[in-house]
2 protein chains.
Amino acid sequence: METRELRYFVAVAEELHFGRAAQRLGMAQPPLSRAVAQLERRLGAPLLTRSSRSVALTPAGEVLLAEGRAALAAVEAAERRTRRAGAADRPGVVLAVKAGASAELLAKLLDAYAAEPGAVPVEVLLCAVGEQGPALRDGRADVALLHLPFDTTAGLDTEELGTEGQVAVLPAGHALTGRTEVSLADLDDLPGLPPPRWSGPGGRPAGPGPEVRDHAQLLQLVQLGRTYTVLPESVRSQLPEGVVTVPVRDAARVTTVIAWPPHSRSRPVADLVATALRL
Amino acid sequence: METRELRYFVAVAEELHFGRAAQRLGMAQPPLSRAVAQLERRLGAPLLTRSSRSVALTPAGEVLLAEGRAALAAVEAAERRTRRAGAADRPGVVLAVKAGASAELLAKLLDAYAAEPGAVPVEVLLCAVGEQGPALRDGRADVALLHLPFDTTAGLDTEELGTEGQVAVLPAGHALTGRTEVSLADLDDLPGLPPPRWSGPGGRPAGPGPEVRDHAQLLQLVQLGRTYTVLPESVRSQLPEGVVTVPVRDAARVTTVIAWPPHSRSRPVADLVATALRL
DNA sequence: CCCGGCGATACCCGGCGGGTATCGACCTCG
DNA sequence: CGAGGTCGATACCCGCCGGGTATCGCCGGG
């Protein structure tokens, strides 16, 4: 199976429409139809059920969509990492972090690692919420800081770096800011203060709250009195003016982990992990 | 990057010889040279340093060899799993186990799962030592039983099923069989009884012992008085005539885990794992 | 009942992947 | 030191396949 065929199938499976998929791929519809039909012949199994009005996935198609996405990510990762390894101005290693999260830990880690013998330049890739895993899987990054239970570590090797509680982040002056502690129930349905909605494929259920992609955006919106949120305690070190935190009694504890792709044989990544564990 | 190019490069990188690689790929040498050169141009980085007498990998080449193998395994996995999902006589799920290991657990697991509502047929794939991980990664299997610390779980999701000690397995009548317990040191350099060598890429250091690929072969060789070995206690349930076990005081404890590919969304795999955890 | 949307089919063309022949570099050996 | 052998690169050719346009057939809706 060639990656070209896989890309074609994935596009059709995602669009469920040959015309749109062809457009997305920058090609005409007939060769796309033909390529997919040929893939089905080669695999010996129908992947799509077509009527002249609609396209749907067969069970085999569902499998190929899931597995194919993973395979394409692996191929992209190979390509990107090779390009980086061959580049003259190689950033020794790319570290992915959620924008605005673990700022203190990150600063300490970068300092400590830079002091190591044999340290290479570290490029920091600031990601939207939940993007660090995919960035690692498709080769945009070599190592990442993730936060459980929010991020998924499936398919990654990890080491635990620590856990912390969570605090509610509210606009200054809000009624709850007088409390020494709140519960999640207290935060439910605050009048005039809707919770934010995380952008991205995770889920964007329609609702009143503003859409955000990272912590920095979120804090700014809290500052403007447009939303509230619950974040790990460590955000306290970088709150803007006009926002207040209150510990949340019953929020899940957040575990920060450092993660890397399982077959990574890179010395800098190993050093970075070792350094993080010593902090 | 196309999988064809990747296959070509991996073949050359493994052989370090264009002629042999071309032969392995079933093609002539010139188009292979050209394809690799073209790949290097596209990636913008040299992958190989060639002299007319030898071929060697550049750092970028090393990266692409490692990443490319993983990517090719992912593509193969996609293909194989799709084929299986589309096959009429689909074996619902393929379970990989080291041949001869965890026999009792395996029997209980298969029985218990078969009794579950919604159980599908389970095909058991008996693997050579250390082959379950690769089988899982390239789609020959959907779920596997692994034994830590021998097998590697990198890149797999796992659940622990239990731990056990290890016993020395010796030919009946051997001097040590009278002992109630031995240590690893006692087993070192037994006169006339060399340790076995595991076949496969793991390592086959030259030595006197016979080469084996799984527990069944190993037990037979012990029975014949040609070697001894140290295995998890659970092998006791299936020893042939003429072999004796003695607990090993200081051997590492073995942990049996059930593992599956991280992006598996298969219901039967989830059920199988849940059943295993209830045992 | 006709129109419009959508996937499949028919057909054509150019490029690319694969082949053979040969070159050029370099090591080995007499 | 030169001849032969090994090995990768180059030159050149061909057939196929991937991509294009034109069009058909099916089917649902106004």
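What you see below is based on every heavy atom in this structure, not just the backbone, and it leaves out hydrogens, waters and symmetry mates. A, B, ... follow the sequence lines: proteins, then strands. Residue 1 opens every chain.
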*Go along nucleotides 25-30 of chain D 5' to 3' and tag each nucleotide: B for a protein heavy atom under 4.0 Å from its base, S when only backbone or sugar atoms are that close, - otherwise.*
-BSS--
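- Non-hydrogen atoms lying under 4.0 Å from DNA chain D are contributed by B:H17, all within residues 8-17 of chain B.
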Could you pull out all donor-acceptor pairs under 3.5 Å where a side-chain atom in residues 149-156 of chain B meets a protein atom, sequence neighbours excluded?
residue	atom	partner	partner atom	Å
B:D151	OD2	B:K98	NZ	3.4
B:D151	OD2	B:H147	N	2.7
B:T152	OG1	B:A154	N	3.3

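- Out of C:dT20, C:dT9, C:dG7, the shortest distance to the side chain of A:F18 is found at C:dG7.
- Looking at heavy atoms from C-beta onward, A:M1 lies in side-chain contact with A:L39 at the 4.5 angstrom threshold.
- Between the P atom of C:dG17 and the CG atom of B:L25 lies a distance of 15 Å, rounded to the nearest Å.
- Nearest-nucleotide assignment on DNA chain C puts the 5′-proximal partner with A:R20, out of B:Q38 and A:R20.
- With respect to the salt-bridge test (charged N to carboxylate O, under 4.0 angstrom), the residues B:E79 and A:R42 do not qualify.
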*asked:* Evaluate B:E62 against B:T58 for side chain to side chain donor-acceptor pair (under 3.5 Å), listing each step before the verdict.
replied: CA-CA 6 Å; B:E62 301 268 8; B:T58 64; over 6 Å; no
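- Atom-to-atom, CD of B:E40 to C1' of D:dA9 comes out at 12 Å; the value is rounded to the nearest Å.
- Nucleotide C:dG7 holds its C1' atom 11 Å from the CG atom of A:L48, rounded to whole Å.
- In this structure, A:S33 does not reach the C:dG7 phosphate: none of its side-chain N or O atoms is under 4.0 Å from OP1 or OP2.
- C:dG30 is paired with D:dC1 under the criterion used here, namely a Watson-Crick or G-U wobble arrangement in which both key atom distances are under 3.5 Å.
- Closest to the side chain of B:M27, from the set D:dG19, D:dT10, C:dG19, is C:dG19.
- Rounded to a whole Å, the CD atom of A:E5 is 11 Å from the C1' atom of D:dG18.
- Nucleotide D:dG19 holds its P atom 11 Å from the CZ atom of A:R7, rounded to whole Å.
- For A:E2 and C:dG17, the CD to P distance is 10 Å, given to the nearest whole Å.
- Side-chain contact check for B:W260 versus B:L272: every heavy-atom pair is 4.5 Å or farther apart.
- Computed from coordinates, the B:R42 CZ to C:dC16 C1' distance equals 10 Å when rounded to whole Å.
- Within 4.0 Å of A:R4, counting heavy atoms only, lie sugar-phosphate atoms of the nucleic acid but no base atom.
- Of the charged side-chain nitrogens involved, none lies within less than 4.0 Å of a carboxylate oxygen, so that B:E67 and A:R84 do not count as a salt-bridged pair.
- Residues B:F9 and B:L43 have side chains not in contact (no heavy-atom distance under 4.5 Å, counting atoms from C-beta outward).
- Side-chain atoms of A:Q132 and A:L145, non-hydrogen and from C-beta on, never get closer than 4.5 Å to each other.
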*Trace of the salt bridge (charged side-chain N to carboxylate O under 4.0 Å, His left out) decision for A:E14 with A:R7*: CA-CA 10 Å; A:E14 284 178 356; A:R7 269 189 284 268; over 6 Å; no
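- With D:dG8, D:dT10, C:dC11 as the choices, the nucleotide that has an atom nearest any side-chain atom of A:R34 turns out to be C:dC11.
- Atom-to-atom, CD of A:Q29 to P of D:dG20 comes out at 11 Å; the value is rounded to the nearest Å.
- Between B:V124 and B:L110, some side-chain heavy-atom pair lies under the 4.5 Å cut-off.
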